[in-house]
Protein chains: 2
Amino acid sequence: MKTIDIFKALSNETRLSMLHWLKEPEKHFPAQGAHIPKGINFVGGVCVGDIQEKAGLSQSTVSSYLNMMQKAGLLESFRYGQWTYYRRNEPFIREFAEQIRTEL
Amino acid sequence: MKTIDIFKALSNETRLSMLHWLKEPEKHFPAQGAHIPKGINFVGGVCVGDIQEKAGLSQSTVSSYLNMMQKAGLLESFRYGQWTYYRRNEPFIREFAEQIRTEL
DNA sequence: ATTATATATCGAGATTTCGCGATAAGTCAA
DNA sequence: TTGACTTATCGCGAAATCTCGATATATAAT
């Protein structure tokens, strides 16, 4: 959650792209949630496999990138069954952007 | 001038501190410009030596950090005599902050 | 010209990051 | 239970970053 860790997470072309793709998941990924039951609400989440395919990097690399971005606070995740869905942590990102605007 | 380079420049504690110190030079550094003639206008600039002392790193490290931040667009420099003064590139920083706010 | 001062550049060792393949762990279906 | 599938973790070599001391360059003073 340190500022430096956020900047580090953003210092990579692929990770930055993933963050952008997740702004419009329906535009960049196949329809999600086929395996999520109706009760669960995790709109905008995309499973690791689809993100990996789009990124064109290995599964392990993408998994750790996503984990890193989550630790930094930029993403949040939800696991259903064997799938893990990631989406943007929008309030956190907005807060970070605002902090940059006022304190950088 | 690429976004990634800006994030990389901001991904280091010392460099981030330098950027903050330069927001209020008079608060963090000795009075500057003793060697600058009246005609020159470079308000807010601080010479490398004073930044180095404050940072507590080697002269070479600080010099290259400052150069890196300038290349990224965050700082601008002015050389007078044997001194090089650095200051924040405020318009660029504001523009970057705005870009983060709207595009991140 | 010589010397002193401020900054930039170079070369190097230590640490970190990048991205991979292999493997482990968790979950589901049969 | 076995097998298939999705994701996470581990270990690794390559590349980048960190930070330093030594040295080069530029300017100023004597």
Side-chain angles (χ1 to χ4, degrees), chain A residues 2 4-18 22 29-37 40 42 45-72 74-87, chain B residues 2 4-18 22 29-37 40 42 45-72 74-87:
Chain A
K2 298 212 331 293
I4 292 286
D5 294 324
I6 303 172
F7 283 133
K8 281 184 182 172
L10 297 171
S11 295
N12 176 279
E13 209 77 64
T14 300
R15 290 192 296 264
L16 205 51
S17 294
M18 297 194 302
L22 290 172
F29 301 101
Q32 299 292 312
H35 309 280
I36 302 180
I40 307 295
F42 198 74
V46 179
C47 71
V48 177
D50 287 349
I51 300 174
Q52 186 220 327
E53 186 164 0
K54 178 96 178 173
L57 293 180
S58 75
Q59 188 270 323
S60 58
T61 297
V62 170
S63 176
S64 69
Y65 277 11
L66 291 168
N67 181 257
M68 170 186 185
M69 293 173 78
Q70 181 182 22
K71 275 183 184 157
L74 295 164
L75 300 182
E76 53 189 356
S77 72
F78 168 74
R79 173 143 200 165
Y80 177 72
Q82 32 190 343
W83 286 270
T84 304
Y85 293 87
Y86 282 91
R87 71 178 177 193
Chain B
K2 297 212 329 293
I4 293 285
D5 293 324
I6 302 173
F7 283 133
K8 282 184 182 172
L10 296 172
S11 295
N12 176 279
E13 209 76 64
T14 301
R15 290 192 297 264
L16 205 51
S17 294
M18 297 193 302
L22 289 172
F29 301 101
Q32 300 290 313
H35 308 280
I36 303 180
I40 307 296
F42 198 72
V46 179
C47 70
V48 177
D50 287 350
I51 299 174
Q52 187 222 326
E53 186 163 1
K54 177 101 178 168
L57 293 179
S58 74
Q59 188 270 321
S60 59
T61 297
V62 171
S63 177
S64 70
Y65 277 10
L66 290 169
N67 181 256
M68 170 186 184
M69 295 174 79
Q70 182 182 24
K71 274 182 185 157
L74 296 164
L75 299 183
E76 53 189 356
S77 72
F78 168 74
R79 174 145 199 163
Y80 178 70
Q82 32 189 344
W83 286 271
T84 304
Y85 293 86
Y86 282 90
R87 71 177 177 193

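In what follows, every chain begins at residue 1, and chains take the letters A, B, ... in the order their sequences are listed.
The base of dG19(C) does not come close enough to the side chain of S58(A) for any donor and acceptor atom to sit less than 3.5 Å apart.
The interatomic distance linking Y65(B) (OH) with dT9(C) (C1') rounds to 16 Å, in whole Å. The interatomic distance linking Y85(B) (OH) with dA26(D) (P) rounds to 19 Å, in whole Å. Atom CD1 of I4(B) is separated from atom P of dT17(C) by 15 Å (rounded to the nearest Å). Note: CD (Q52(A)) to P (dT6(D)) measures 11 Å, nearest angstrom.
When the nucleotides dA8(C), dC18(C), dT7(D) are ranked by their closest atom to the side chain of Q59(A), dT7(D) comes out on top. For L57(B), whose side chain is taken as the heavy atoms from C-beta onward, the closest listed nucleotide among dG19(C), dT19(D), dA8(C) is dT19(D).
Under 4.0 angstrom from either OP1 or OP2 of dA8(C) there lies at least one side-chain N or O belonging to S63(B). Taking side-chain N and O atoms only, R15(B) has a distance below 4.0 Å to OP1 or OP2 of dC18(D). The shortest distance between the side-chain N/O atoms of N67(B) and the OP1/OP2 oxygens of dA8(C) is not below 4.0 Å. Taking side-chain N and O atoms only, T84(A) has a distance below 4.0 Å to OP1 or OP2 of dA8(D).
Two residues are said to be in side-chain contact when any heavy atoms from C-beta on lie closer than 4.5 Å; K71(A) and D5(A) fail this criterion.
Along DNA chain C, the nucleotide nearest to S60(A) and the one nearest to G81(A) differ in position, and the one closer to the 5' end is contacted by S60(A). Between L66(A) and Q82(A), the one whose closest nucleotide on DNA chain D sits nearer the 5' end is Q82(A).
When each of V62(A), T84(A), L57(A) is checked for a side-chain contact (heavy atoms from CB on, under 4.5 Å) with I51(A), only V62(A) meets the rule.
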